[in-house]
Protein chains: 2
Amino acid sequence: MASLTAGNRRPVRLADIAKAAGVSHGTASNVFSRPEIVREEVRERVKAAAEAMGYGGPDPKGRLLRAGKVNAIGVATAEPLSYFFDDPFARVMMASISQACDATGAGISLVSAANNEQLAWNIQSALVDGFIVFCVEGGSRLVELARERKLPFVALDLDSEDGAVAAIGVDNIAGASLAARHLTDLGHRRFAVLALPFADGRTGLVSPEQVRSATYAGTRDRLTGYLQELSRVGVDTSKVPVYETANDAASAKAGLETIFAAKEPPTAILAMSDKIALVTLEWLSARKLNVPNDVSIVGFDGVPESAVSEPSLTTIAQPIAEMGRLAVKAILENDGKVSRQLLPVELIVRASSAPPRG
Amino acid sequence: MASLTAGNRRPVRLADIAKAAGVSHGTASNVFSRPEIVREEVRERVKAAAEAMGYGGPDPKGRLLRAGKVNAIGVATAEPLSYFFDDPFARVMMASISQACDATGAGISLVSAANNEQLAWNIQSALVDGFIVFCVEGGSRLVELARERKLPFVALDLDSEDGAVAAIGVDNIAGASLAARHLTDLGHRRFAVLALPFADGRTGLVSPEQVRSATYAGTRDRLTGYLQELSRVGVDTSKVPVYETANDAASAKAGLETIFAAKEPPTAILAMSDKIALVTLEWLSARKLNVPNDVSIVGFDGVPESAVSEPSLTTIAQPIAEMGRLAVKAILENDGKVSRQLLPVELIVRASSAPPRG
DNA sequence: AGCAAAATTTGAATCGATCCAACGAAAGTG
DNA sequence: CACTTTCGTTGGATCGATTCAAATTTTGCT
């Protein structure tokens with residue numbers, strides 16, 4: 001028993017086995033990276049030495065520095081890491097990103113952090129060739145950080161109009177408009193909107209001024225789309241309650257309480273995410289309100305869950321898979337040019353919408 | 001417009017800005033990593049130079065090589081990358097792994113690959129401090145690859161008895177036994193088993209010889225646990241159909257077709273995963289068979305979906321969160337010692353099990 | 001054998017940082 | 001004023017590989 005696992009440290013480098021095998025490190029390196037160009041006898045000798053010394057193959061750390069390319073993309077969010085595995089939208093997006101990565105042989109690094117300084121450090125020290133940034137709350141800070149790394153990056157669903165950042169998003173105005181149009185076509189005239197955040201850390205009914213000063217352009221655009229269509233058919237949009245949620249169950253339910261406390265509750269609800277819409281479905285069913293007969297709902301996103309809910313959800317589907325693919329492509333084939341892409345959305349009519357009663 | 005994004009290449013290194021600021025690279029380095037030890041005047045000068053030259057901060061590639069630690073753990077599977085976001089068990093596990101990582105400030109690299117050589121390369125070149133290996137199909141090859149990297153790694157749910165591999169798993173025999181005991185206690189005597197794979201790429205009814213030669217010890221153990229309990233109450237286990245699935249909907253349904261084609265269909269089904277059990281719930285409901293009155297089902301895993309299915313699923317819960325935490329801890333605080341941990345499981349009785357009819 | 005061409009091998013340079021022993025200058029002390 | 005501390009800065013060594021032009025060995029051919 002000389003020293004199999006004995007020598008505690010593992011300072012066995014390529015140079016060590018080169019010396020042991022009596023070849024130069026150049027040759028030793030070739031044995032691993034281009035075995036076909038070294039004579040068989042030598043190759044075997046080096047491999048034997050490597051085996052004997054417990055060498056685990058060329059250390060990627062060294063290779064990396066030389067090669068420059070990490071061959072991995074970082075996916076960043078300001079949410080906790082588990083967001084990637086919990087949130088329905090994130091999951092679908094990640095699934096499509098990972099498919100695109102699989103196809104090109106790139107790896108994925110998840111970047112996130114519990115607190116803010118940690119986040120900065122994690123972004124600064126992430127070993128990646130570029131970032132895909134999930135823009136939810138706190139997205140702008142994230143974009144800032146990513147930009148500072150001076151690596152290619154694209155923002156998903158960016159809530160900013162800064163033309164200097166590459167972003168892939170959907171046409172929120174058109175999508176929202178489509179949703180509202182579907183409901184007005186069915187004959188609805190009494191609406192309520194369950195919105196995504198307009199600004200950080202706030203929930204509740206929003207005033208027009210708050211909308212105008214919204215931090216998140218995406219949210220504002222969706223509202224614009226909704227209201228445009230509603231006013232087109234003569235609805236007094238100033239009377240339509242718009243409740244800002246944090247895109248979670250608690251705030252959505254609080255919003256519903258508020259909305260349905262009104263004397264003339266809405267017959268149709270425009271939800272800015274499927275997540276909110278699904279919570280709404282649940283809440284209404286607990287209240288013994290029938291969907292779609294008492295209340296119609298249209299969601300936004302088109303996550304898989306929306307197809308199997310009870311009832312299934314009418315929604316505006318984003319081309320999530322396509323967005324993921326484009327994002328990966330943008331990073332990997334980055335040629336320095338900044339581009340913004342606005343993808344089309346699609347109305348998917350399912351069982352949660354119908355003409356109003358009477 | 002001199003050259004903001006003009007200079008196509010970005011060979012701006014720490015040394016460059018050191019030169020530009022007229023300081024040594026040692027000092028320049030300190031400006032970023034230990035700003036407090038350099039005189040303010042100098043610090044500002046260097047920062048200004050960095051800003052002017054578009055320096056994105058110290059490149060982690062360089063730092064990495066010097067520091068040795070990547071501060072990230074690799075999570076590997078032989079499945080496609082999207083497995084992490086699709087499979088319920090994987091998702092819960094990942095959520096707990098990521099929480100543990102968040103807490104310690106470590107990042108996560110997802111390692112996987114479309115094909116086999118790609119996999120080997122990806123493992124060999126992953127920039128991580130250690131691996132957590134998801135052992136599903138093809139797990140042994142993955143373990144082999146990971147072991148060759150000579151990095152700390154732990155296997156999750158390892159299907160091998162190799163004592164040299166650190167592994168975290170559950171007591172499959174005890175768990176399965178618990179599941180079967182629950183059903184026999186309720187009075188069931190006619191069973192069928194929907195199994196996980198015993199060996200690669202095969203589905204269908206399995207013979208005792210196939211079980212004995214099973215590649216996957218985990219699957220075998222669960223079966224052993226089931227049958228042990230069944231024979232204890234006098235069931236002729238040679239008559240109990242055991243259908244090997246690929247842990248997906250298609251093969252599970254095929255298994256159900258086979259099982260329920262029998263003259264005396266079972267009154268109770270033992271499913272080796274919640275995924276299979278949930279598919280079974282669906283299939284039975286489509287067949288107008290009532291659960292639990294016509295057929296009882298007990299799953300295995302304890303994924304969140306099992307609590308909200310219709311009816312909710314009686315299952316054997318694995319301490320998934322605990323397993324994730326332990327795995328991360330094992331990698332990060334690795335002191336070279338190999339350990340195997342067998343965690344206890346728990347029977348959770350819900351609505352999918354009841355005494356048989358009559 | 002003699003010589004050119006082909007096949008291998010060598011060793012220095014490089015990737016981009018961090019670390020540290022040594023050194024110079026400024027501040028403190030008797 | 002001479003002498004020790006303290007503070008900041010310097011520049012060489014190092015991390016672990018890959019690359020490539022030049023040197024060396026083999027092979028092929030007459």
Side-chain angles (χ1 to χ4, degrees), chain A residues 9-47 49-50 53-71 121 124-129 149-151, chain B residues 9-47 49-50 53-71 121 124-129 149-151:
Chain A
R9 313 271 169 258
R10 181 181 82 89
V12 41
R13 305 179 314 290
L14 187 53
D16 298 326
I17 73 161
K19 175 135 39 102
V23 298
S24 72
H25 32 257
T27 299
S29 172
N30 286 335
V31 169
F32 293 97
S33 47
R34 296 131 78 196
E36 69 282 4
I37 74 162
V38 8
R39 198 150 40 94
E40 173 160 4
E41 187 251 318
V42 177
R43 199 192 317 149
E44 292 310 323
R45 184 148 43 93
V46 174
K47 277 190 177 161
M53 304 180 68
Y55 180 63
D59 188 329
K61 294 203 273 293
R63 186 202 340 264
L64 171 59
L65 182 54
R66 191 90 236 289
K69 275 244 157 242
V70 183
N71 203 36
W121 171 256
Q124 280 158 13
S125 61
L127 288 156
V128 298
D129 295 321
R149 260 305 283 281
K150 311 249 150 89
L151 286 177
Chain B
R9 312 270 169 257
R10 179 183 82 91
V12 40
R13 305 180 311 291
L14 188 52
D16 297 328
I17 72 160
K19 177 140 28 110
V23 299
S24 72
H25 53 269
T27 298
S29 172
N30 285 335
V31 169
F32 293 97
S33 47
R34 294 132 78 199
E36 70 281 4
I37 75 164
V38 7
R39 199 150 40 94
E40 173 160 3
E41 187 252 316
V42 177
R43 202 193 315 151
E44 293 310 324
R45 184 149 42 94
V46 173
K47 277 188 176 162
M53 305 181 68
Y55 180 64
D59 188 329
K61 294 204 275 292
R63 183 193 356 253
L64 170 60
L65 182 54
R66 190 91 237 285
K69 276 247 156 238
V70 183
N71 203 35
W121 172 256
Q124 280 159 13
S125 61
L127 288 156
V128 297
D129 296 322
R149 260 305 283 279
K150 310 250 152 87
L151 285 177

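Side chains are part of it too, since the values below use all heavy atoms of this structure and drop only hydrogens, waters and symmetry mates. Throughout, protein chains are lettered first and strands after them, A, B, ... in sequence-line order, and every chain is numbered starting at 1.
The distance between atom CZ of A:Arg149 and atom P of C:dG16, rounded to the nearest whole Å, is 13 Å. For the pair A:Lys69 NZ and C:dC15 C1', the interatomic distance rounds to 15 Å; values are reported in whole Å. To the nearest angstrom, C1' of D:dC15 lies 12 Å from CG of A:Leu64. Per the geometry, CG belonging to B:Leu127 stands 19 Å off P belonging to D:dC15, to the nearest Å. B:Asp16 places its CG atom 9 Å from the P atom of C:dG16, with the value rounded to the nearest Å. Following rounding to the nearest Å, B:Asp59 (CG) and C:dG16 (C1') show an atom-to-atom distance of 6 Å. The interatomic distance linking B:Lys19 (NZ) with D:dG11 (C1') rounds to 15 Å, in whole Å. Between B:Ile37 atom CD1 and C:dT18 atom P there is a gap of 12 Å when expressed in whole angstrom units.
Put simply, the side chain of A:Lys69 never gets that close to the backbone of A:Asp129: no donor and acceptor are under 3.5 Å apart. At distances below 3.5 Å, not a single donor-acceptor pair connects side-chain atoms of A:Arg45 with backbone N or O atoms of A:Val23. B:Arg149 places a side-chain N or O within 3.5 Å of a backbone atom of B:Ala126 that can act as its donor or acceptor partner.
Nearest heavy-atom pair across A:Ile17 and A:Ala50 is CD1-CB, 3.7 Å. The minimum heavy-atom distance linking A:Pro35 with A:Phe32 is given by the pair CD-O, 4.0 Å.
When the nucleotides C:dG16, D:dG8, C:dT10 are ranked by their closest atom to the side chain of B:Arg13, C:dG16 comes out on top.
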> Could you run down nucleotides 18-24 of chain D 5' to 3' and tag each one B, S or - for protein heavy-atom contact under 4.0 Å?
Replying inline: BB-----

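A salt bridge links A:Asp16 with A:Arg13: the closest approach of a Lys/Arg side-chain nitrogen to an acidic carboxylate oxygen falls below 4.0 angstrom.
Put simply, A:Tyr55 has no side-chain N or O that comes within less than 4.0 Å of OP1 or OP2 on D:dG16. In terms of phosphate contacts, B:Ser24 brings a side-chain nitrogen or oxygen within less than 4.0 Å of OP1 or OP2 of D:dT10.
Crowding of B:Glu40 atom CD: a count of heavy atoms from other residues, nucleotides or ligands under 6.0 Å not exceeding 12.
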